*Asks:* 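Could you have a look at this structure, given as structure tokens, before my questions?
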Amino acid sequence: MGGWLRLIAVVTVSLAAIGAASAQSFPSKAVHILVPYAAGGAVDVLTRTLGDMVSKQWGQSIVVENRPGAGGVIASQAIATSPPDGYNLIMVASGHATNPLLYPKIPYDTFKDFSPISLLASSPNILLVRADSPFKSVSDVIAAAKAKPGSLSFAHAGSGTSTHLAGELLKNLAGIDLNGIPYKGGAPAINDLLGGQIPLSFNNGPESVGQLQAGTVRALAVTTGSRAPFLPDVPSMSEAVPGYDTEVWWGLIGPGGMPPDLVAKISHDFVAALNSDAVKERLGKLGALPIGGSPEKFNAKIHADYDKWGPIIKAAGMKAE
């Protein structure tokens, strides 16, 4: 028995040493970060902004690859089956926590097949219309939807994303019928809004700010319970729809089974970049609030959102398309 105990102790120490060594030598080559949405959207902007900063610190390239589809499931599956060595990561949005509620046969376990690294930033979603839209307020939208149920559609970044849930929450609390139209990311949704193909769109702050500044779109409301600092003149949705409050968050995760020391290192380096003056200024202009939580807090947030949205998604009968 003593021999077995000594062997187990040796193996445990050896594995710990390997984990520490991997963290100390990481990275020795380019790191790939998947973005599960189209280029130009909020997740893409955040990933590239932080990637540029961290790559300089590491002295290694960070390659950002856009792989949209199925609300992030396609890209997430690729990461879930990658080696847990830190060289393949993904920047997920809030929909990561709710996808298992929407996809009955999701090809991975959201809670077992990933290593949460850090919750990095959040932002309100924004209800947008074209600059020449007849809708001047949320109340106008609600009145039109009640006058002709089912006649209005809203664009969102994909089934189960925070922008989709924002629209469903409006339908639920305002008692109206709107048709949600999924896109492969927020940027394509805004493009169709600008083109007049759709009258309303829920979008993240970072992908909306440029168009708002250009005057091509108008913001009817932000989705958080109070007004957003970067859009102080735009009402919160709760001013027209009491009790309405939701946001989008973004965080970095890797494959399940990553060594804790490696997770801690990547988390530390991305949070350090997030807290740099240059990145905070960039994100502030885009309407994103830096967070920079620990791996443990991010893991708790994913579980909390799953629990929060489960009853709402079930009551609405929402399923991924």
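Keep in mind that what you see is a predicted model, and the values were worked out from it rather than measured. Both backbone and side-chain heavy atoms feed into the values below; hydrogens, waters and symmetry mates do not.
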*Asks:* Within the side chain of S238, is there an N or O that forms a donor-acceptor pair under 3.5 Å with the backbone of V241?
*Replies:*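 Absent.
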*Asks:* Quick one: does M53's side chain get under 4.5 Å of S276's, heavy atoms only?
*Replies:*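 M53 reaches S276 side chain to side chain.
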*Asks:* Can you tell if the side chain of I181 reaches within under 4.5 Å of the side chain of I198, non-hydrogen atoms only?
*Replies:*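 Yes. Closest side-chain heavy atoms under 4.5 Å.
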*Asks:* Suppose we call two aromatic rings close when their centres sit under 6.0 Å apart. Are H164 and F202 close by that rule?
*Replies:*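 Ring centroids of H164 and F202 are no less than 6.0 Å from each other.
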*Asks:* Which pair of heavy atoms, one from P84 and one from G256, lies closest together, and at what distance?
*Replies:*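 Closest approach of P84 to G256: CB-O, 3.5 Å.
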*Asks:* Honestly curious: do I176 and Y244 fall in one hydrophobic cluster under the side-chain, below-4.5 Å linking rule?
*Replies:*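 I176 and Y244: one cluster.
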*Asks:* Measuring only between side-chain heavy atoms, which start at C-beta, is Q24 closer than 4.5 Å to K265?
*Replies:*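 They are not in contact (no side-chain heavy atoms under 4.5 Å apart), so the answer is no.
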*Asks:* Within the side chain of T81, is there an N or O that forms a donor-acceptor pair under 3.5 Å with the backbone of Q77?
*Replies:*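 Yes, T81 side chain to Q77 backbone: donor-acceptor pair under 3.5 Å.
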*Asks:* Would you call R48-D52 a salt bridge at under 4.0 Å N-O?
*Replies:*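 Judged by the 4.0 Å cut-off on N to carboxylate O distance, R48 and D52 do not form a salt bridge.
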*Asks:* With distance as the sole criterion, is a donor-acceptor pair present between the side chains of D44 and N66 under 3.5 Å?
*Replies:*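 There is such a pair between these side chains.
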*Asks:* Give a yes or no on whether L165 and V138 share a hydrophobic cluster (residues Ile, Leu, Val, Met, Phe, Trp, Tyr; joining criterion: side-chain heavy atoms under 4.5 Å apart).
*Replies:*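 Yes; tracing contacts between hydrophobic side chains, which count when under 4.5 Å, links both residues.
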*Asks:* Backbone N or O of P255 within a donor-acceptor pair of the N88 side chain at under 3.5 Å?
*Replies:*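 Not confirmed, N88 side chain does not pair with P255 backbone.
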*Asks:* Of all the heavy-atom pairs spanning P68 and I74, show the shortest one and how long it is.
*Replies:*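 Here P68 and I74 meet closest at O-CD1, 4.2 Å.
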*Asks:* Answer yes if the ring centres of Y87 and H32 are under 6.0 angstrom apart, and no otherwise.
*Replies:*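 Aromatic pair excluded; centres sit 6.0 Å or further apart.
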*Asks:* Any sub-3.5 Å donor-acceptor pair from S123's side-chain atoms to G287's backbone N or O?
*Replies:*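 Yes, the answer is positive, given that a donor and an acceptor are paired below the 3.5 Å cut-off.
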*Asks:* Taking atom NZ as the centre, does K308 end up with more than 12 heavy-atom neighbours from other residues, nucleotides or ligands that are less than 6.0 angstrom away?
*Replies:*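 Yes, because the 6.0 Å sphere around NZ of K308 holds more than 12 heavy atoms from other groups.
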*Asks:* Nearest 0.5 Å, please: how far is CD1 in I313 from OH in Y306?
*Replies:*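 The distance works out to 9.0 Å.
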*Asks:* Find out whether L120 and W249 are in side-chain contact, i.e. whether some heavy atom of one side chain is under 4.5 Å from a heavy atom of the other.
*Replies:*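 Heavy-atom side-chain distance check fails, nothing below 4.5 Å.
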*Asks:* For the pair T98 (side chain) and G95 (backbone), establish whether a donor and an acceptor sit closer than 3.5 Å, ignoring hydrogens and angles.
*Replies:*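 Yes, the answer is positive, given that a donor and an acceptor are paired below the 3.5 Å cut-off.
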*Asks:* Going hydrophobic residue to hydrophobic residue with side-chain gaps under 4.5 angstrom, can you get from Y183 over to L170?
*Replies:*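 Per the 4.5 Å side-chain linkage, Y183 and L170 are not co-clustered.
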*Asks:* If you count every heavy atom of other residues, nucleotides or ligands that lies below 6.0 Å from K56 atom NZ, does the total exceed 12?
*Replies:*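 Not more than 12 within 6.0 Å, no.
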*Asks:* Should we count NZ of K184 as having more than 12 external heavy atoms under 6.0 Å?
*Replies:*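 Count not over threshold, so no.
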*Asks:* Could you tell me which non-hydrogen atom of D305 sits nearest to which non-hydrogen atom of A97, and how far apart they are?
*Replies:*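 Looking at all heavy atoms of both residues, the shortest contact is CB-CB, 3.8 Å.
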*Asks:* To the nearest 0.5 Å, what is the distance between CG on L220 and OG on S201?
*Replies:*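 Separation between the atoms: 11.0 Å.
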*Asks:* For the pair Y103 (side chain) and A70 (backbone), establish whether a donor and an acceptor sit closer than 3.5 Å, ignoring hydrogens and angles.
*Replies:*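 Checked: pair present.
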*Asks:* For side-chain contact (heavy atoms from CB on, under 4.5 Å), just list the numbers for H156 and T161, CA-CA rounded to whole Å, side-chain angles, deciding distance to a tenth of an Å, and then say yes or no.
*Replies:* CA-CA 8 Å; H156 59 78; T161 61; 4.2 Å; yes
*Asks:* What is the distance from atom CZ of F154 to atom CD of E168, rounded to the nearest 0.5 Å?
*Replies:*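 One gets 5.0 Å once the value is rounded to the nearest 0.5 Å.
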*Asks:* Taking only residues two or more places apart in sequence, or in another chain, which ones meet W250 in a ring-ring contact (aromatic ring centres under 6.0 Å, His included)?
*Replies:*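 If we apply the ring-ring contact (aromatic ring centres under 6.0 Å, His included) test to W250, skipping adjacent residues, there are no hits.
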*Asks:* Within a strict 4.5 Å, meaning less than it, do heavy atoms of the L274 and F270 side chains meet?
*Replies:*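 Side chain of L274 against side chain of F270, heavy atoms only: no contact under 4.5 Å found.
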*Asks:* Does a sphere of radius 6.0 Å around CG in D277 hold more than 12 heavy atoms from other residues, nucleotides or ligands, not counting ones at 6.0 Å or beyond?
*Replies:*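 Atom CG in D277 is not crowded, with 12 or fewer foreign heavy atoms closer than 6.0 Å.
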*Asks:* Are R67 and V35 packed together at the side-chain level, in the sense that at least one heavy-atom pair is separated by less than 4.5 angstrom?
*Replies:*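 SC-SC contact between R67 and V35 ruled out.
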*Asks:* For the CG atom of L89 and the CG atom of L252, what is their distance to the nearest 0.5 Å?
*Replies:*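 Nearest 0.5 Å value for the CG-CG distance: 5.0 Å.
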*Asks:* Please tell me if the side chains of F230 and P124 come closer than 4.5 Å, counting only heavy atoms from C-beta onward.
*Replies:*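 Yes. Closest side-chain heavy atoms under 4.5 Å.
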*Asks:* Is there a donor-acceptor contact under 3.5 Å from the side chain of S61 to the main chain of A30?
*Replies:*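 Flag not set: sc S61 to bb A30 has no pair under 3.5 Å.
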*Asks:* Would V222 and M237 count as a side-chain contact (heavy atoms from CB on, under 4.5 Å) if you check the C-alpha gap in whole Å, the side-chain angles of each, and the deciding distance to 0.1 Å?
*Replies:* CA-CA 6 Å; V222 296; M237 191 75 75; over 6 Å; no
*Asks:* What do the steps show when you test H96 against T110 for side-chain contact (heavy atoms from CB on, under 4.5 Å), and what is the final call?
*Replies:* CA-CA 8 Å; H96 177 74; T110 299; 3.6 Å; yes
*Asks:* To the nearest 0.5 Å, what is the distance between CG on N203 and CG on L193?
*Replies:*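 So the gap between those two atoms works out to 7.5 Å.
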*Asks:* How long is the span from the CD1 atom in I62 to the CG atom in L50, to the nearest 0.5 Å?
*Replies:*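 Taking CD1 in I62 and CG in L50, the distance rounds to 8.5 Å.
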*Asks:* I'd like to know if the side chain of T223 and the backbone of T246 have a donor-acceptor N/O pair within less than 3.5 Å.
*Replies:*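 Checking the backbone N and O of T246 against the side chain of T223, a donor-acceptor pair under 3.5 Å is found.
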*Asks:* So which atom in S162 and which in N204 form the shortest heavy-atom distance, rounded to 0.1 Å?
*Replies:*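 Nearest pair, atom of S162 first, then N204: OG-ND2, 3.8 Å.
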*Asks:* Grouping I, L, V, M, F, W and Y whenever their side-chain heavy atoms are under 4.5 Å apart, do I302 and I312 come out in a common cluster?
*Replies:*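 Yes; I312 is reachable from I302 via cluster members.
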*Asks:* Establish, from distance only, whether the side-chain atoms of E247 and N125 form a donor-acceptor pair under 3.5 Å.
*Replies:*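 Note: E247 and N125 side chains miss the donor-acceptor criterion.
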*Asks:* Quick one, L152 and N179 - any side-chain contact, counting heavy atoms below 4.5 Å?
*Replies:*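 A side-chain contact is absent here, since even the closest heavy-atom pair is not under 4.5 Å.
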*Asks:* Could you please spell out the steps behind the side-chain contact (heavy atoms from CB on, under 4.5 Å) verdict for L119 and K297?
*Replies:* CA-CA 8 Å; L119 178 61; K297 287 185 178 179; over 6 Å; no
*Asks:* Give the minimum heavy-atom separation between L231 and I126, together with the two atoms involved.
*Replies:*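 Where L231 meets I126 most closely, the heavy atoms are CD1-CD1, 3.7 Å.
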*Asks:* Hydrophobic clusters here meaning ILVMFWY residues chained together by side-chain heavy-atom distances under 4.5 Å, can you tell me if L128 and V45 are in one?
*Replies:*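 In one cluster with L128: V45, no.
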*Asks:* Counting N and O atoms only, with roles assigned by atom type, does the side chain of D113 sit under 3.5 Å from a partner on the main chain of Y108, one being a donor and the other an acceptor?
*Replies:*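 Side chain of D113 to backbone of Y108, a donor-acceptor pair under 3.5 Å: no, none is there.
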*Asks:* Hey, is the main chain of A78 close enough, under 3.5 Å, to the side chain of S82 for a donor-acceptor pair?
*Replies:*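 Yes: the side chain of S82 pairs with the backbone of A78.
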*Asks:* Locate the shortest heavy-atom distance separating R130 from R218; write the atom from each residue and the value.
*Replies:*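 Shortest heavy-atom contact: O-NH2, 3.8 Å.
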